[in-house]
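First the structure, in the form of structure tokens, and then the observations on it.
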Amino acid sequence: MFKLLKTEGNARRGEFTCGHGVVQTPVFMNVGTQGAIKGGLSAHDLRNIHCQVELSNTYHLHLRPGDDVVRQMGGLHKFMDWDGPMLTDSGGFQVFSLSGLRKITEEGVTFSSHLDGHRIFMGPEESMRIQSNLGSDIAMAFDECVENPSTREYVKPSCERTLRWLERCKAEHDKLNTLPDTVNPQQMLFGINQGGIYPELRTWHMDQIAQIDCDGFAIGGLAVGEETQVMYDIIDAVEPHMPKDKPRYLMGVGTPSNIIEGVARGVDFFDCVMPARNARHGKLYTWDGTVNIKNEKYKTDPLPIDETCQCPVCQTYSRAYLRHLFASGEMLGMRLAVMHNLYFYNELMARIRAALDAGTFGEFRAKYSQKLEERC
RNA sequence: GGAUGAGUUCCCGAGUGGUUAAAGGGGGCAGACUGUAAAUCUGCUGCGCGAGCUACGGUGGUUCGAAUCCACCCUCAUCCA
């Protein structure tokens, strides 16, 4: 259930309710692919850094420990001790990221496991069954995330197939939700728009999937090779074709600037591995721009990562200490860095929402969209 | 006092006459990362803008040419008195 509270231009302030709580949007979902945030964060940590929605992955959890195991353990919420809203990605991104290890047919995708090479077949029905076993609040449709740029000749039949897959996802999802022993009977389904960098394919595909009764719609297949401006242009093209009364999710995006620009274009949900991965690699976010904490200039810097940041890391530790932890390869360094960056992203969304509430998002965008990308 | 072995660029370490500013590590410095096959990957790492200069313990020598060969010296390690 999505409630649109306020708009400013195309930007939307909303409230999304699912089985595990209410989500204030725009929201950034914190990525825990394998049921854990890389860098050593627990669900308890996620609460402390104001995470609203946790995101995990169908393909990875199917491989290990197995969605049957997760189901037996009471579902992913219980398994990882996260009682808040949760979204599971369908495995569609792995069609892109593991492109050397899979084969696509009308029926679905055969992967060679990146762990041991064994064959795994995943089609729309399999993805839905796995996500049903995981018991997430939002299941994503199984799609093909197509690399950019790909030819129109490739993208057109691909997004037509992704449409057929969505129909199959919807049918299977509805069936699974009514089973007496389903893990999360309130699980919702989001459809995914594809169409590469071709506006007419994108809008055609969006019009088609919008006719299927999904709980929300995502724009997928962006930030996978194209220029940033091309991504924005595609969002601008697709947005008018998206239902106003349902949440929109821009998958896998992005930088703080991408998120601000996405909100400005009418997006409600985001997720990205970037803040966590960058954190593990020493790139940290501040309200003045980014910091590479490994740099020599922070060797004796007594200040926190960001003086204005209220996160548990900035309340306690100096840049010099963080730098030392990275230089020494101490895992605490990564853990603290990830905590900070995810807190920053969650705080970014909170400020975006506050600006929307106050009707000052335009000013916020002007002030921060570029700044947050730059080295400070 | 004697016998062996060893001293290479920030460190370890390869290199036994020219293609060697010197393999490979480490360390250091910097960069990349967008629904996570990533605690990963990529550069740079003697000085100088440059012609070039300075470098393989030291000094001298052999040679067209030496980190590599010779002599002596210094230092270190191990063993014997």
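Only heavy atoms go into these numbers, but all of them, side chains included; no hydrogens, no water, no symmetry mates. Just so we're on the same page: letters track the sequence lines, and every chain starts at 1.
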(message) So if I take every side-chain heavy atom of A:Cys145 and compare against B:U34, B:G35, B:A37, which nucleotide ends up nearest?
(response) B:G35
(message) Could you tell me the Watson-Crick or G-U partner of B:G17, where both distances fall under 3.5 Å? Say none if there is no partner.
(response) none
(request) With P as the reference atom in both, quote the distance from B:G15 to B:U75 in angstrom, rounded to an integer. (result) 28 Å
(request) Take atom NZ of A:Lys38 and atom P of B:U36, then tell me their distance rounded to the nearest Å. (result) 9 Å
(message) Between B:G46 and B:U42, how many Å separate the two C1' atoms, rounded to a whole number?
(response) 23 Å
(message) Please classify the nucleic acid contact of A:Leu250 as base, sugar-phosphate, or nothing, using heavy-atom distances under 4.0 Å.
(response) nothing
(message) Using the C1' atom as the point on both nucleotides, what is the distance between B:U9 and B:A22, in whole Å?
(response) 8 Å
(request) Return the value, rounded to whole Å, for the distance between atom CD of A:Glu373 and atom P of B:U34. (result) 13 Å
(request) Can you tell me the distance, in whole Å, between the CD atom of A:Glu54 and the C1' atom of B:U36? (result) 13 Å
(message) Once you apply a heavy-atom cut-off of 4.0 Å, does A:Gln34 come out as touching a base, just sugar-phosphate, or nothing?
(response) nothing
(request) Could you tell me whether the side chains of A:His77 and A:Asp83 share a donor-acceptor contact shorter than 3.5 Å? (result) no
(message) Measure CG/A:Asn278 against P/B:U36 and give the value in whole Å, please.
(response) 15 Å
(request) Establish, from distance only, whether the side-chain atoms of A:Asp271 and A:Tyr249 form a donor-acceptor pair under 3.5 Å. (result) yes
(message) With rounding to the closest Å, how many angstrom separate the C1' atoms on B:C12 and B:G58?
(response) 23 Å
(request) Between A:Ser56 and A:Met331, just flag the one whose closest nucleotide in RNA chain B comes earlier from the 5' side. (result) A:Ser56
(message) For a quick check of understanding: with a heavy-atom distance under 4.0 Å over all strands, which category does A:Glu330 fall into, base, sugar-phosphate or nothing?
(response) nothing
(request) Round to a whole Å and report the spacing from CG of A:Asn148 to P of B:G35. (result) 14 Å
(message) Ignoring hydrogens and geometry beyond distance, is a side-chain donor-acceptor pair present between A:Gln229 and A:Asp233 at under 3.5 Å?
(response) yes
(message) If I take atom CZ in residue A:Arg280 and atom P in nucleotide B:A39, what distance separates them, rounded to the nearest angstrom?
(response) 5 Å
(message) What is the distance, to the nearest angstrom, from the CE atom on A:Met334 to the C1' atom on B:C33?
(response) 15 Å
(message) Quick check on A:His44: does its NE2 atom have over 12 non-hydrogen neighbours (other residues, nucleotides or ligands) under 6.0 Å away?
(response) no
(message) Quick test of your reading of the model: are A:Arg168 and A:Glu125 salt-bridged, counting only N-O distances below 4.0 Å?
(response) yes
(request) For nucleotides B:A6 and B:A81, find the distance between their C1' atoms and express it as a whole number of Å. (result) 23 Å
(request) Provide the Watson-Crick or G-U wobble partner of B:C33, both distances under 3.5 Å; none if there is no partner. (result) none
(request) Decide yes or no, distance alone: a donor-acceptor N/O pair under 3.5 angstrom between the base of B:G35 and the side-chain of A:Asn57. (result) no
(request) Quote, to the nearest angstrom, the C1' distance that separates B:A23 from B:U78. (result) 29 Å
(message) Could you identify the nucleotide paired to B:A71, looking across every strand shown and requiring Watson-Crick or G-U wobble geometry with both distances under 3.5 Å?
(response) B:U59
(message) Can you list, in residue-number order, the parts of residues 213-240 of chain A that come under 4.0 Å of RNA chain B, counting heavy atoms only?
(response) A:Gly221, A:Ala223
(message) Over 60° means perpendicular and under 30° means parallel, so tell me whether A:Trp287 and A:Phe364 are parallel, tilted or perpendicular.
(response) perpendicular
(message) Heavy atoms only, 4.0 Å cut-off, all strands: where does A:Asp89 land among base, sugar-phosphate and nothing?
(response) base
(request) Please measure how far the P atom in B:U36 lies from the corresponding atom in B:A32, and state the result in whole Å. (result) 22 Å
(request) Could you tell me how the ring of A:Trp165 sits relative to the ring of A:Phe142: parallel (under 30°), tilted (30 to 60°) or perpendicular (over 60°)? (result) parallel
(request) Return no unless some side-chain N or O of A:Ser97 is found under 4.0 Å from OP1 or OP2 of B:A37. (result) yes
(request) Scan side-chain atoms only and decide if A:Gln194 and A:Thr162 contain a donor-acceptor pair under the 3.5 Å cut-off. (result) no
(request) Both distances under 3.5 Å, Watson-Crick or G-U wobble: report the partner of B:A38, or none. (result) none
(request) Check the angle between the aromatic planes of A:Tyr321 and A:His324 and answer parallel, tilted or perpendicular using the 30° and 60° thresholds. (result) tilted
(request) Check the distance between B:G35's C1' and A:Ile192's CD1 and give it to me in whole angstrom. (result) 8 Å
(request) May I ask which nucleotide in the shown strands pairs with B:G24, Watson-Crick or G-U wobble, both distances under 3.5 Å? (result) B:C12
(message) Would you say that A:Phe2 contacts A:Lys246 through its side chain, given a criterion of any heavy-atom pair below 4.5 Å between the two side chains?
(response) no
(message) Does the structure show a Watson-Crick or G-U wobble partner for B:A3, both distances under 3.5 Å? Name it, or say none.
(response) B:U78
(request) Check whether any side-chain heavy atom of A:Phe111 lies under 4.5 Å from a side-chain heavy atom of A:Lys103, and answer yes or no. (result) no
(request) Determine which nucleotide pairs with B:G50, using a 3.5 Å limit on both distances of a Watson-Crick or G-U wobble pair. (result) none
(message) Are A:Asn30 and A:Ile49 packed together at the side-chain level, in the sense that at least one heavy-atom pair is separated by less than 4.5 angstrom?
(response) yes
(request) Starting at the 5' end of nucleotides 27-32 of chain B, put B wherever the base has a protein heavy atom under 4.0 Å, S where only the sugar-phosphate does, and a dash everywhere else. (result) --SSSB
(request) Please state the C1' separation for the pair B:A66 and B:U19 - nearest whole angstrom. (result) 16 Å
